[in-house]
Amino acid sequence: MKSRLAVVVALVGAVASVGAGRGAEASPPATQCAPAANYPAARTPVAFWSTEARCAIVPAGPSGIFGTENFGTKFPGEAAVLMGIVHVAIYDAAVAIYGRYEPYARTPGAPVHASPAAAIATAAYDTLAGLQPQLGADQAILDADHAAYMAAVPDGRSKSRGIAIGATVARDLLALRTNDGRGCNTTLADLGLPAPTPGVWQPAPGPVLGLCLPGMRPLALTSASQFRPDGPNALTSGEYADDVNQVKDLGRVDSTSRTPEDTSQARFWTDHDIRQWNDGMLRLATARRLDLVRTARMLAMAHVAGGDAMIACFDAKYHYWFWRPYQAIPLADSDGNPATVADPGWKPLATTPNFPEYPSAHACHSTAVVKALDAFLGTDKVSFTLDSRAPGVTGTTRRYERLHEVVEDVDRARVLVGFHFLSSDLQGSALGGRVARYVAQHYFEPVR
């Protein structure tokens, strides 16, 4: 057994789920992934299995920078989609028992006194296990966490009924995701990589990421291209020159214009943003005293919006194939724009992800999550914190008083780190917003 799995500790009280109407549940055991000391919200079934899903999807990262508790393998683009799938299962299990909101898929009618803890745990675990082998998680850790959790749920009819509900939810959801494009064998040639010309991204050495996403079936959208943006600015335009000159100045590794605060902001968003967002939303659920069902609904709305935003974003990336600043700036003499000047030695603050530039995936995803939260809460005025474990900002927490401040932070950070042109960030945010509005208008609605 992997050493990362903590010894199961004593149960620590009743689930803190306001308005959970059927049967008090004992708190789940602490594990390395969801220690009670660090994740108070993980004492509820929804938050525990939300955290477990994050750990099973997000990698530990180089030298454990994303969290040594993680045992997944997915970069943010694919991770967002997988988090959407698992949180749909958690949500459908919750509404099968408590109702109040329309299910994502068909949900079974729940008998009286069915255990929410058993239902949510089974739905999440069966879904995660059913997403293997494409999921790439360490199954031994997942199995051990599930066994420890279920051992802490009192045996009896309530537990058995909950297990049956969760199993049905997972089975129906996995059936919907059959042949959805996960685990594809798509190559750059399959996607039509253009020949090297000015403006066209070319892969760096090493694995290219996100090749499956353009062909992946969305969770809510009708197609990956439903909200495809119009494309990047023309190389000869003034707008393009402004973008190039801005990132050339602020995003270079040795910039004298970027302040220490700017550098911290840039590095803050080089963490795995799926972990950042999920942990932040769990803190938000606790701060706003959301009950079990509303927590499940908030997470499902945000992660489905975020997952579909990534699918839509990578559809656009591999449609337009736009080059990155680290390619555009050294080759600026070839772009036909008199307002740009080549700098052959230019390098960004951090290593650029290996996929095309337009639009910004961080902007797509973060704005989709923000707009989903806005729709759920009914207001932009929300006090909210996010943390980062990225090198140089370990332990740093950023506080926002309005949700849109996060979007502004992300858009600027991707220029400061040298990964993106500002117009790509703004277009990514616009795309993420459209996706989130569609999700909020068509899914997870109150029962009428």
Side-chain angles (χ1 to χ4, degrees), residues 18 41 46-47 50 76 80 83-84 87 91 100-101 219-221 227 229 261 265-266 268-269 271 273-291 293-310 312-313 359-388 396-416 420 422-446:
V18 179
V46 169
S50 176
M83 288 290 278
H87 282 84
Y91 166 83
R100 294 164 49 189
Y101 301 100
L219 284 152
L221 300 183
F227 296 117
E261 182 179 349
Q265 179 181 351
F268 183 94
W269 288 103
D271 195 351
D273 62 323
I274 306 305
R275 184 209 63 78
Q276 290 178 286
W277 274 111
N278 203 64
D279 290 3
M281 287 190 287
L282 292 181
R283 289 192 294 268
L284 179 64
T286 300
R288 298 187 75 92
R289 299 181 61 81
L290 299 183
D291 65 20
V293 180
R294 295 192 71 215
T295 300
R297 180 175 181 247
M298 180 185 76
L299 293 170
M301 288 178 68
H303 282 304
V304 167
D308 273 10
M310 284 295 201
C313 194
S360 164
H362 253 70
C364 290
H365 178 261
S366 290
T367 306
V369 173
V370 161
K371 293 301 183 182
L373 293 176
D374 192 333
F376 173 82
L377 296 167
T379 180
D380 176 71
K381 192 174 182 180
V382 177
S383 182
F384 190 73
T385 61
L386 291 167
D387 71 279
S388 178
T396 295
T397 298
R398 298 179 77 88
R399 175 172 290 278
Y400 308 92
E401 298 304 325
R402 290 185 178 273
L403 291 170
H404 76 264
E405 294 173 359
V406 185
V407 175
E408 295 169 358
D409 205 37
V410 170
D411 287 351
R412 187 165 186 269
R414 305 314 270 178
V415 174
L416 293 170
H420 283 288
L422 180 59
S423 61
S424 177
D425 294 319
L426 299 177
Q427 287 295 308
S429 288
L431 174 57
R434 294 187 190 101
V435 172
R437 283 189 289 274
Y438 183 87
V439 171
Q441 291 167 3
H442 293 84
Y443 291 87
F444 313 113
E445 295 182 288

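This chain uses plain numbering: 1 for the first residue, then up along the sequence.
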**Q.** Polar side chain donor-acceptor pair, His404 to Asp380, under 3.5 angstrom
**A.** yes
Q) Should Leu282 and Leu299 be marked as a side chain to side chain contact (heavy atoms under 4.5 Å, CB included) after you check the CA-CA gap, both sets of side-chain angles, and the distance that decides it? A) CA-CA 8 Å; Leu282 292 181; Leu299 293 170; 4.0 Å; yes
Q) Atom CG in Leu426, atom OG1 in Thr367: separation rounded to 0.5 Å? A) 9.5 Å
Q | Of Tyr438, Phe376, Tyr91, the residue whose pairing with Phe444 passes ring pair (Phe, Tyr, Trp, His ring centres under 6.0 Å) | A | Tyr91
Q.
Taking Lys381's backbone N and O only, do any of them form a donor-acceptor pair with Glu401's side chain (distance below 3.5 Å, no angle check)?
A. no
Q) So, Asp308 side chain and Val435 main chain: donor-acceptor pair closer than 3.5 Å or not? A) no
**Q.** Nearest-0.5 Å distance, NE2 of residue His362 to CG of residue Asp425
**A.** 10.5 Å
Q) Using a distance-only test with no angle check, is there a side-chain donor-acceptor pair under 3.5 angstrom linking Asp374 and Thr379? A) no
Q: Kindly indicate whether the side chain of Leu403, heavy atoms from C-beta on, has any atom under 4.5 Å from the side chain of Lys371.
A: no
Q.
For the residue pair Asn278 / Ser50, report whether a side-chain donor-acceptor contact shorter than 3.5 Å exists.
A. yes
Q: Ignoring hydrogens and angles, state whether a donor on the side chain of Asp409 or Gln265 is under 3.5 Å from an acceptor on the partner side chain.
A: yes
(Q) Would you say that Leu386 contacts Thr397 through its side chain, given a criterion of any heavy-atom pair below 4.5 Å between the two side chains? (A) no
Q. Would you say the side-chain atoms of Arg283 pair up with the backbone N or O of Thr385, donor to acceptor, closer than 3.5 Å?
A. yes
Q) Hey, does the side chain of Thr295 reach the backbone of Asp291 with a donor-acceptor pair shorter than 3.5 angstrom? A) yes
Q: Without swapping roles, check the side chain of Asp271 against the backbone of Asp273 for a donor-acceptor pair under 3.5 Å.
A: no
**Q.** Ser366 side chain vs Val407 backbone, donor-acceptor pair below 3.5 Å
**A.** no
Q: Measure the spacing between CE of Met298 and NE2 of His303 and express it to the nearest 0.5 Å.
A: 8.5 Å
Q.
Quick check against the 3.5 Å criterion: does His87 have a side-chain atom that pairs as donor or acceptor with the backbone of Met83?
A. yes
Q.
Whether Arg398 engages the ring of Phe268 as a cation-pi pair (distance to the six-membered ring centre under 6.0 angstrom, angle to the ring normal within 45°) should be assessed.
A. yes
**Q.** Test side chain to side chain contact (heavy atoms under 4.5 Å, CB included) applied to Leu373 and Met301, step by step
**A.** CA-CA 8 Å; Leu373 293 176; Met301 288 178 68; over 6 Å; no
Q. Does any N or O in the side chain of Gln276 come within less than 3.5 Å of the main-chain N or O of Asp387, such that one atom is a donor and the other an acceptor?
A. yes
Q.
Can you classify the ring geometry of Trp277 versus Trp269 as parallel (below 30°), tilted (30 to 60°) or perpendicular (above 60°)?
A. tilted
Q: Starting from the C-alpha separation in whole Å, work towards a yes-or-no answer on side chain to side chain contact (heavy atoms under 4.5 Å, CB included) for Arg294 and Arg100.
A: CA-CA 9 Å; Arg294 295 192 71 215; Arg100 294 164 49 189; 3.3 Å; yes
Q: Determine, step by step, whether Leu290 and Arg297 satisfy the side chain to side chain contact (heavy atoms under 4.5 Å, CB included) criterion, reporting the C-alpha distance in whole Å, the side-chain angles of both residues, the deciding distance to 0.1 Å, and the verdict.
A: CA-CA 10 Å; Leu290 299 183; Arg297 180 175 181 247; over 6 Å; no
